[in-house]
Amino acid sequence: MNFQFTEEQLAVQAAAREFAQNELWAGVIERDEHQKFPAEQIKKMGELGFMGMMVSPEYGGGGMDTVSYVLAMEEISKVDASCSVIMSVNNSLVCWGLEKYGTEEQKQKYLPRLCSGEIIGAFALSEPEAGSDATMQRTTAEDKGDYYLLNGTKNWITNGTTASVYLVVAQTNPELKHRGINVLIVEKGMDGFIQGPKENKLGIRGSDTCSLMFNDVKVPKENRIGDDGFGFKFAMQVLAGGRIGIAAQALGIASGAYELSVKYSKERKAFGVPISQHQAIQFKLADMATNIDAARLLCLQAAHDKDAHQDYAKSGAMAKLFASKVAMDTAVEAVQVHGGYGFVKEFHVERMMRDAKITQIYEGTSEIQKIVISREILK
């Protein structure tokens with residue numbers, strides 16, 4: 001067992017921390033308040049290599065390992081979870097899936113621009129009646145010979161209004177059920193493709209989320225990823241990796257709330273001494289620190305498994321299940337440590353509490369993670 005990071009991993013962590021502290025803090029409350037998409041910040045993240053971290057340099061990526069990705073995600077998420085979810089979807093769901101399963105032409109066409117931040121990607125799986133049950137796809141991709149005719153609705157799509165490239169999951173052969181599902185690359189501007197209005201969300205408000213409508217959209221056959229019927233397996237594979245990204249996001253939210261709580265506890269006085277000298281606060285901080293360290297180890301275990309080309313279904317699900325709970329619990333306690341100040345926006349922890357909740361829901365709810373874990377241990 002080696003718990004030491006390499007020089008390269010430490011350099012990535014330091015770069016992410018510096019960027020988050022210097023570039024993301026300023027304006028994060030305003031972006032949350034007004035649901036403002038962090039376009040300028042995402043562009044800089046692309047320039048720094050954070051939008052295609054694990055993609056091969058051959059396609060414009062950083063060629064980094066998953067451990068480096070987790071370290072960077074934690075640092076970005078400490079400050080702005082909206083930026084980190086945009087980063088996570090682009091890295092884990094879109095870039096990784098394209099490089100792993102796409103054709104050479106697809107990789108050459110999309111990956112360099114996705115990695116540089118010139119364009120952003122989105123992954124469209126969820127539907128009004130197909131969230132946790134991803135097999136129940138109502139969106140259809142009818143085979144018309146040299147193209148597919150795409151019809152249906154997707155919802156809860158991160159980067160929905162700002163993406164240029166969408167990986168859309170659709171049913172081609174209903175009689176084959178999940179074995180008849182395909183994934184198609186859809187580009188913004190295709191005839192019949194409409195993005196709905198942004199959702200007014202509880203948290204991660206700087207990230208845009210919307211529904212997508214497809215009305216007889218003609219998608220060329222060459223835009224299909226993998227063989228006919230590969231779509232469901234593709235979706236499950238990218239989501240398994242995506243859980244590691246969201247686990248790291250949850251870890252970062254928890255770490256950010258904890259660090260603010262430690263700082264505040266040393267500054268705020270009650271009964272003549274800093275509140276950090278009161279056992280009630282000390283115990284809260286002790287619980288936060290312990291749970292965050294445990295969550296970090298689970299995240300790194302999952303990242304290690306992925307980098308070692310081992311099965312990471314269980315470790316990734318465990319990391320997301322536990323880290324998301326730690327994020328929620330820590331953020332709630334951070335508000336409590338801050339007292340009345342924790343309830344106002346300028347102290348940041350109320351935003352972190354709102355941001356934390358979605359980590360227990362998207363890319364597989366906590367209940368779905370328990371299903372994945374139990375299936376793995378009962379094999």
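Just so you know, these numbers come straight off a predicted model, no measurement behind them. This chain uses plain numbering: 1 for the first residue, then up along the sequence.
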For the pair Thr172 and Asp143, evaluate side chain to side chain donor-acceptor pair (under 3.5 Å) and give the outcome as yes or no after the intermediate values.
CA-CA 7 Å; Thr172 299; Asp143 192 338; over 6 Å; no
Test: Lys44 and Glu40 ion pair at under 4.0 Å
yes
Can you tell me if CD on Glu104 sees more than 12 non-hydrogen neighbours from other groups inside 6.0 Å?
yes
Are side-chain N/O atoms of Lys201 and Thr209 paired as donor and acceptor at under 3.5 Å?
yes
Lys/Arg N to Asp/Glu carboxylate O, Glu105 vs Lys109, below 4.0 Å:
no
Please check if any side-chain donor atom of Ser82 sits under 3.5 Å from a side-chain acceptor atom of Ser207, or the reverse.
no
Would you mind checking if Glu363 and Arg243 are paired as a salt bridge, meaning a charged N to carboxylate O distance below 4.0 Å?
no
Can any side-chain N or O of Lys188 pair as donor or acceptor with the backbone N or O of Ala163 at less than 3.5 Å?
yes
Decide yes or no for Trp156 and Ile358: does some side-chain heavy atom of the first lie under 4.5 Å from some side-chain heavy atom of the second?
no
Check: Arg179/Asn173 side-chain N/O donor and acceptor closer than 3.5 Å
no
Within the side chain of Arg354, is there an N or O that forms a donor-acceptor pair under 3.5 Å with the backbone of Leu202?
yes
Checking side-chain polar atoms at under 3.5 Å, does Thr162 have a donor or acceptor matched by the opposite partner on Asn159?
no
Tell me yes or no: between the side chains of Ser126 and Asn155, is some donor less than 3.5 Å from an acceptor?
no
Minimum heavy-atom separation for Ala72 to Met87, with atom names?
CB-CE, 4.0 Å
Any Lys/Arg nitrogen of Glu127 or Arg138 sitting under 4.0 Å from an Asp/Glu carboxylate oxygen of the other?
no
Donor-acceptor contact below 3.5 Å, side chain Asn22 vs main chain Glu18
yes
With distance as the sole test, does Ser374 use its side chain to make a donor-acceptor pair with the main-chain N or O of Lys370 at under 3.5 Å?
yes
Measure the OG1-NZ distance between Thr135 and Lys177 for me, rounded to the nearest 0.5 Å.
9.0 Å
Whether the side chain of Ser56 engages the backbone of Tyr59 through a donor-acceptor N/O pair (distance < 3.5 Å, no angle test) should be reported.
no
I'd like to know if Lys107 and Glu99 make a salt bridge, using a cut-off of under 4.0 Å between side-chain N and carboxylate O.
no
Could you check, using the six-membered ring where one of them is a Trp, whether Phe50 and Tyr69 have ring centers closer than 6.0 angstrom?
no
Do the charged groups of Asp305 and Lys314 touch, with an N to O distance under 4.0 Å?
no
In terms of the angle between their ring planes, are Tyr341 and Tyr264 parallel, tilted or perpendicular, with boundaries placed at 30° and 60°?
tilted
State, without any angle test, whether Asn151 and Thr140 hold a side-chain donor-acceptor pair at a distance under 3.5 Å.
no
Please test Phe193 against Tyr166 for ring-ring contact (aromatic ring centres under 6.0 Å, His included), starting from the C-alpha separation and ending with a verdict.
CA-CA 11 Å; Phe193 176 27; Tyr166 300 77; 4.9 Å; yes
Using a strict cut-off of less than 4.0 Å between a Lys/Arg side-chain nitrogen and an Asp/Glu carboxylate oxygen, indicate whether Glu222 and Arg224 qualify as a salt bridge.
no
Side-chain ion pair, Asp355 and Arg205, N-O less than 4.0 Å
no
Specify the closest pair of heavy atoms between Pro274 and Lys266, including all atoms of both residues, with the distance to one decimal.
CB-O, 3.7 Å
Among side-chain atoms of Lys154 and Gln137, is any donor-acceptor pair under 3.5 angstrom?
yes
Any side-chain to backbone donor/acceptor pair from His278 onto Ala270? Under 3.5 Å, distance only.
yes
Could Lys218 and Tyr147 be counted as a cation-pi pair, given that NZ or CZ must be under 6.0 Å from the ring centre and within 45° of the axis?
yes
Tell me if a side-chain donor or acceptor on Thr359 pairs with a main-chain N or O of Ala356 at a distance below 3.5 Å.
yes
When rounded to the nearest 0.5 angstrom, what distance separates OG1 in Thr158 from CG in Asn90?
11.5 Å
Judged by atom type as modelled, is there a donor-acceptor pair below 3.5 Å linking the side chain of Ser68 to the main-chain atoms of Met64?
no
Please check if any side-chain donor atom of Gln9 sits under 3.5 Å from a side-chain acceptor atom of Gln13, or the reverse.
no
Please determine whether residues Val55 and Ile244 belong to a single hydrophobic cluster, defined as Ile, Leu, Val, Met, Phe, Trp and Tyr linked transitively by side-chain heavy-atom distances below 4.5 Å.
yes
Note: Lys78-Glu75 ion pair, threshold 4.0 Å (strictly below):
yes
Among Gln249, Arg17, Arg296, which one satisfies side chain to side chain donor-acceptor pair (under 3.5 Å) with Glu74?
Arg296
Note: Gln106 and Thr103 closest approach over all heavy atoms is OE1-N, 2.9 Å
Between Asn182 and Asp228, a side-chain donor and acceptor under 3.5 Å:
yes
Is a side-chain donor or acceptor of Asp208 paired with a backbone partner of Thr161 at a separation under 3.5 angstrom?
yes
For Asp216 and Gly192, indicate whether the former's side chain and the latter's backbone hold a donor-acceptor pair under 3.5 Å.
no
